[in-house]
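Below: one structure, written as structure tokens.
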Amino acid sequence: LTHLKVRGQETTMEIVDRVQSAGTSLEDLLVAAKKQDYLTVGVYESAKIMNVDPDSVAFCVLATDEEYECDIALQIHFTLIQAFCFDNDINVVRVNDIERLADLVGTDATGEPKDAHCILVTSPSANPWKDPSLDKLSLFCEERRSMYDWVPTITLPER
């Protein structure tokens, strides 16, 4: 039995596989970027980087949780960050597991968890950072945009 695939019509399993693969790539990317000190964590910190050095931003992660639904200021920040990313051709995704993101990015100098609502992967403009996970995520975002999913949601792999 041959399987014919019409462009634009994927099976549910193919989509699920691609989303799970994107979750693994995102986790790999965040771990690698943290080691290189290429992460900016926090809504305000991210906004500063976007304002001062937008060319250094390679990828953006927005984390939603129950708090997000009730926090109008946070929703406004997310809208502005998404608009900035779209204007500057920066891929942006959402993750629904802020606790896992906070675990991945670590704590601040005082030992408090960082504000993981917004995480930027940055790269020096003079010497752009190449990472296979970033390439995979860029491709994933491009595919989702072709289906009008402008800010795809990624699920991190189970621990």
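Along the sequence shown, the residues carry numbers beginning at 1.
Annotation: the span from C60 atom SG to F78 atom CZ amounts to 8.0 Å, rounded to 0.5 Å. Atom OG of S46 sits about 12.5 Å away from atom CG of N51, to the nearest 0.5 Å. Taking OG1 from T24 and NZ from K136, the interatomic distance works out to 8.5 Å, rounded to the nearest 0.5 Å. The line from CZ of F140 to CG of N91 is 10.5 Å long, rounded to the nearest 0.5 Å. Going from atom CG of D71 over to atom NE2 of H77 covers 8.0 Å, rounded to the nearest 0.5 Å. Taken to the nearest 0.5 Å, the CD1 atom of I81 stands 8.0 Å off from the CG atom of L74.
Qualifying salt bridge (charged side-chain N to carboxylate O under 4.0 Å, His left out) partners for D149, counting only residues two or more places apart in sequence or in other chains: R144. Take A32 and apply the side chain to side chain contact (heavy atoms under 4.5 Å, CB included) test, not counting sequence neighbours, and it matches W129, D131. With sequence neighbours excluded, no residue forms a ring-ring contact (aromatic ring centres under 6.0 Å, His included) with F84.
Exactly one of L120, V151, V61 qualifies for a side-chain contact (heavy atoms from CB on, under 4.5 Å) with V92. That residue is V151. The one candidate from L104, T155, L156 that meets the side-chain contact (heavy atoms from CB on, under 4.5 Å) condition with V95 is L156.
Smallest separation of non-hydrogen atoms from K114 and V105: NZ-O, 4.0 Å. Pairing each heavy atom of S25 with each of S133, the nearest pair is O-CB, 3.3 Å. I90 and P54 make their closest contact through CD1-O, 4.3 Å (heavy atoms, listed as atom of the first residue, atom of the second, distance). Minimum heavy-atom separation, L39 to T122: N-OG1, 4.3 Å. Considering all non-hydrogen atoms of both residues, A63 and A116 come closest at CB-O, 3.3 Å.
A continuous path of Ile, Leu, Val, Met, Phe, Trp and Tyr side chains, each step under 4.5 Å between heavy atoms, connects V57 with W150, placing both in one hydrophobic cluster.
Within the structure, the salt bridge (charged side-chain N to carboxylate O under 4.0 Å, His left out) test picks out the following pairs touching residues 78-104 (sequence neighbours left out): E27-R100. Sorted by first then second residue, the side chain to side chain donor-acceptor pair (under 3.5 Å) pairs that include residues 35-45, not counting sequence neighbours, number zero. Pairs passing the ring-ring contact (aromatic ring centres under 6.0 Å, His included) check and including a residue from residues 90-109, sequence neighbours excluded, do not occur.
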Decide side chain to side chain contact (heavy atoms under 4.5 Å, CB included) for T64 and T153; before the verdict, give the C-alpha distance in whole Å, the side-chain angles of both, and the deciding distance to 0.1 Å.
-> CA-CA 10 Å; T64 56; T153 298; over 6 Å; no

